[in-house]
Amino acid sequence: MASVSLRHIYKKYPGGVTAVSDFNLEIKDKEFLVLVGPSGCGKTTTLRMIAGLEEITEGELFIGDQLVNDVAPKDRKIAMVFQNYALYPHMTVFENMAFGLKLNKTPKEEIKRRVEEAARILDITHLLDRKPKALSGGQKQRVALGRAIVRNPKVFLLDEPLSNLDAKLRAAMRTELTKLHNRVGTTFIYVTHDQVEAMTMATRIVVMKDGLIQQVDTPQNLYDNPCNLFVAGFIGTPQMNFINGTLRKKGEDMYFDFEDKSIKLPAEKANDPALKDYVDQEVVVGLRPECIHDQPNMIEAFPDSTVEANVDVTELMGAEIYLYLTVGHYEDQKVVNDGTNLIARVSSRSTSRAGDVIKVAFDTSRIHIFDKDTEKCICH
């Protein structure tokens with residue numbers, strides 16, 4: 001097994017296009033690391049450089065203690081699983097899984113042992129005589145994984161392997177991949193644009209944007225302590241609410257003013273030294289949907305952060321309801337601007353309905369405050 005080290009890695013294409021900039025990362029042995037970000041952020045390019053399918057423009061790449069910049073992909077002791085499975089249609093499942101081992105002139109008995117062991121791990125022993133056209137999408141994905149497992153690679157590279165599956169199967173395969181990682185005990189580097197996949201499977205997540213690393217952390221720390229507006233908005237479903245407003249000091253207390261509303265900050269945030277320079281300045285407040293409440297007991301619990309909001313749309317999600325709200329600026333009981341749009345995630349027992357004007361309370365102990373210009377987090 002092996003660690004992977006990327007040191008000041010750049011990928012530049014002709015015409016001045018830089019796909020990846022100054023990428024520095026130490027991936028631990030047996031870690032499940034996920035690269036996540038929107039399309040075009042450089043995550044697949046980074047994975048392909050690790051695989052040796054893309055040439056590194058600048059920087060050094062180590063797998064274990066070996067510098068592999070100039071090592072051919074077949075000699076890197078890695079295995080890659082692609083989005084489109086890349087199975088040979090004229091071969092059986094057994095032959096597909098054994099193909100790489102045959103090329104390496106592995107003895108027949110060893111090939112049979114490894115293929116059968118991988119098939120048992122992936123629960124596809126009963127499929128070994130079938131051809132790919134007789135397999136479902138999920139079964140094809142397992143075969144592609146099996147073909148990688150039999151090679152006993154030091155590192156697994158997975159490029160959006162679940163994106164062609166339906167939602168139910170994708171959820172099931174997430175669990176299977178996590179179990180597989182625990183069983184084979186190999187380093188996994190996984191690329192996805194789906195932050196749910198990242199949050200549920202990763203030991204650490206790398207959030208990327210425009211070829212740059214934004215933040216590297218555990219899923220929970222990314223969710224609780226995003227370093228900037230991009231990470232805060234990208235991680236979490238529905239995404240974090242962002243409210244533009246101004247910080248005000250009134251006596252010993254600190255308030256956040258937006259529209260014609262004034263929200264009192266809790267003492268631990270009001271006393272944060274980082275906020276001193278932002279008094280009377282515009283900032284962006286971030287608040288997760290689950291931190292906006294419409295239950296009467298929560299409204300009583302947060303009397304200093306309760307506002308009126310119009311319910312525009314409700315979405316019943318089964319165990320919870322999403323309320324799409326507008327908090328407006330009122331004059332003579334009329335909204336005089338477009339207002340601030342918010343999403344609240346509330347209990348399925350909520351009685352709020354589209355068209356209602358309701359009171360909602362913000363859990364101010366869990367707000368994040370961002371610098372409007374730099375977009376960096378000031379305090380959590």
Please name all residues satisfying side-chain contact (heavy atoms from CB on, under 4.5 Å) with Glu282, sequence neighbours left out, ordered by chain then number. Thr246, Lys372
All side chain to side chain donor-acceptor pair (under 3.5 Å) counterparts of Lys112, not counting sequence neighbours: Glu116
Within the structure provided, determine whether Phe234 and Val36 are in side-chain contact (heavy-atom separation under 4.5 Å). yes
Is any NZ, NE, NH1 or NH2 atom of the basic residue among Glu109 and Arg113 found under 4.0 Å from an Asp or Glu carboxylate oxygen of the other? no
Any side-chain heavy-atom pair of Thr46 and Met208 under 4.5 Å: yes
Applying a strict under-4.5 Å side-chain criterion to I, L, V, M, F, W and Y, I'd like to know whether Leu229 and Ile213 cluster together. no
Rounded to the nearest 0.5 Å, what's the gap from CG on Asp257 to CD on Glu259? Could you check? 11.0 Å
In terms of hydrophobic clustering (I, L, V, M, F, W, Y; side-chain heavy atoms under 4.5 Å; direct or indirect links), are Val68 and Val4 co-clustered? yes
Would you say the side chains of Asn310 and Asp312 form a donor-acceptor pair under 3.5 Å? no
Decide yes or no on side-chain contact (heavy atoms from CB on, under 4.5 Å) for Phe362 and Ile367, but give the supporting numbers first. CA-CA 8 Å; Phe362 297 167; Ile367 66 169; 5.5 Å; no
Do any N or O atoms from the side chain of Lys261 and from the backbone of Ser305 form a donor-acceptor pair under 3.5 angstrom? no
Show your reasoning for whether side-chain contact (heavy atoms from CB on, under 4.5 Å) applies to Arg7 and Glu26. CA-CA 8 Å; Arg7 302 174 188 175; Glu26 297 292 329; 3.9 Å; yes
Rounded to the nearest 0.5 Å, the OG1 atom of Thr351 sits from the CG atom of Asp294 at a distance of 7.0 Å
Atom pair CZ/CG of Phe188 and Leu33 - distance to nearest 0.5 Å: 12.5 Å
Working to the nearest 0.5 Å, report the span between OH of Tyr278 and CD1 of Ile378. 4.0 Å
Looking at Phe99, is Arg147 sitting on its ring face, NZ or CZ under 6.0 Å from the six-membered ring centre and within 45 degrees of the normal? no
Look only at the side chain of Asp159 and the backbone of Phe82, and say whether a donor-acceptor pair between them is shorter than 3.5 Å. no
Donor-acceptor pair, distance only, cut-off 3.5 Å: does the side chain of Arg151 make one with the backbone of Gly100? no
Within a 6.0 Å radius of atom CG on Asp65, are there more than 12 heavy atoms belonging to other residues, nucleotides or ligands? no
Does Lys43 reach the main-chain N or O of Leu35 with its side chain, forming a donor-acceptor pair under 3.5 Å? no
Would Tyr255 and Asp304 count as a side-chain hydrogen bond (donor to acceptor under 3.5 Å, both in side chains) if you check the C-alpha gap in whole Å, the side-chain angles of each, and the deciding distance to 0.1 Å? CA-CA 10 Å; Tyr255 287 80; Asp304 297 321; 5.9 Å; no
Nearest-0.5 Å distance that lies between atom NE2 in His8 and atom CD1 in Ile56: 13.5 Å
Taking the basic N atoms (NZ, or NE/NH1/NH2) and the acidic carboxylate oxygens, is any pair closer than 4.0 Å for Lys12 and Glu58? yes
How close do Ala2 and Gly64 get, counting heavy atoms only, and between which atoms? CB-N, 3.9 Å
Using the rule that two of Ile, Leu, Val, Met, Phe, Trp, Tyr join whenever any of their side-chain heavy atoms come within less than 4.5 Å, decide whether Met199 and Ile343 are in one cluster. no
So how far is it from Asp253 CG to Asn271 CG, rounded to the nearest 0.5 Å? 9.0 Å
Could you tell me whether the side chain of Leu177 reaches within less than 4.5 Å of the side chain of Tyr190, counting heavy atoms only? yes
Is the backbone of Phe32 close enough, under 3.5 Å, to the side chain of Thr203 for a donor and an acceptor to pair up by distance? yes
Can you establish whether the number of heavy atoms outside Glu55 located under 6.0 Å from its atom CD is more than 12? no
CA sep, side-chain torsions, deciding dist, call: Asp280, Arg248, side-chain contact (heavy atoms from CB on, under 4.5 Å): CA-CA 5 Å; Asp280 297 327; Arg248 305 281 188 207; 3.2 Å; yes
Using the side-chain contact (heavy atoms from CB on, under 4.5 Å) criterion, which residues pair with Tyr13? Sequence neighbours excluded. Lys11, Val17, Ala19, Thr45, Glu54
Looking at Asp371 and Asp373, would you say the former's side chain and the latter's main chain have a donor-acceptor pair under 3.5 Å? yes
Residue pairs passing the salt bridge (charged side-chain N to carboxylate O under 4.0 Å, His left out) test where at least one lies in residues 128-145, sequence neighbours excluded: none
Please confirm whether the backbone N or O of Arg345 pairs with a side-chain atom of Arg288, one donor and one acceptor, at under 3.5 Å? no
Under 4.5 Å between side-chain heavy atoms, counting indirect links through other Ile/Leu/Val/Met/Phe/Trp/Tyr residues: same cluster for Ile189 and Ile63 or not? yes
Heavy-atom distance under 4.5 Å between the side chains of Gln139 and Val143, does that happen here? no
Find out if a path of hydrophobic residues (ILVMFWY) with successive side-chain heavy-atom gaps under 4.5 Å connects Met240 to Phe256. no
Do the side chains of Lys250 and Ser262 get nearer than 4.5 Å, heavy atoms only? yes
Check whether any side-chain heavy atom of Leu342 lies under 4.5 Å from a side-chain heavy atom of Val327, and answer yes or no. yes
Between Glu110 (side chain) and Pro107 (backbone), is there a donor-acceptor pair under 3.5 Å? no
Which residues satisfy the side-chain contact (heavy atoms from CB on, under 4.5 Å) test with Asn225, sequence neighbours excluded? Asn221, His380
Test Leu325 against Ile358 for side-chain contact (heavy atoms from CB on, under 4.5 Å), laying out the working first. CA-CA 9 Å; Leu325 310 170; Ile358 63 171; 4.2 Å; yes
Considering all heavy atoms of both residues, which atom of Thr314 and which atom of Ala354 are nearest to each other, and what is their separation? CG2-N, 3.8 Å
Residues 193-220 vs salt bridge (charged side-chain N to carboxylate O under 4.0 Å, His left out), sequence neighbours excluded, gives Glu31-Arg204
Can a donor-acceptor pair be found, under 3.5 Å and without considering hydrogens, that links the side chain of Thr187 to the backbone of Lys30? yes
Can you check whether Glu268 reaches Ser365 side chain to side chain, under 4.5 Å on heavy atoms? yes
Taking C-beta and beyond as the side chain, do Asp363 and Phe302 meet within less than 4.5 Å on heavy atoms? yes
Okay, side chain of Asp29, backbone of Ser3: is any donor-acceptor separation there less than 3.5 Å? no
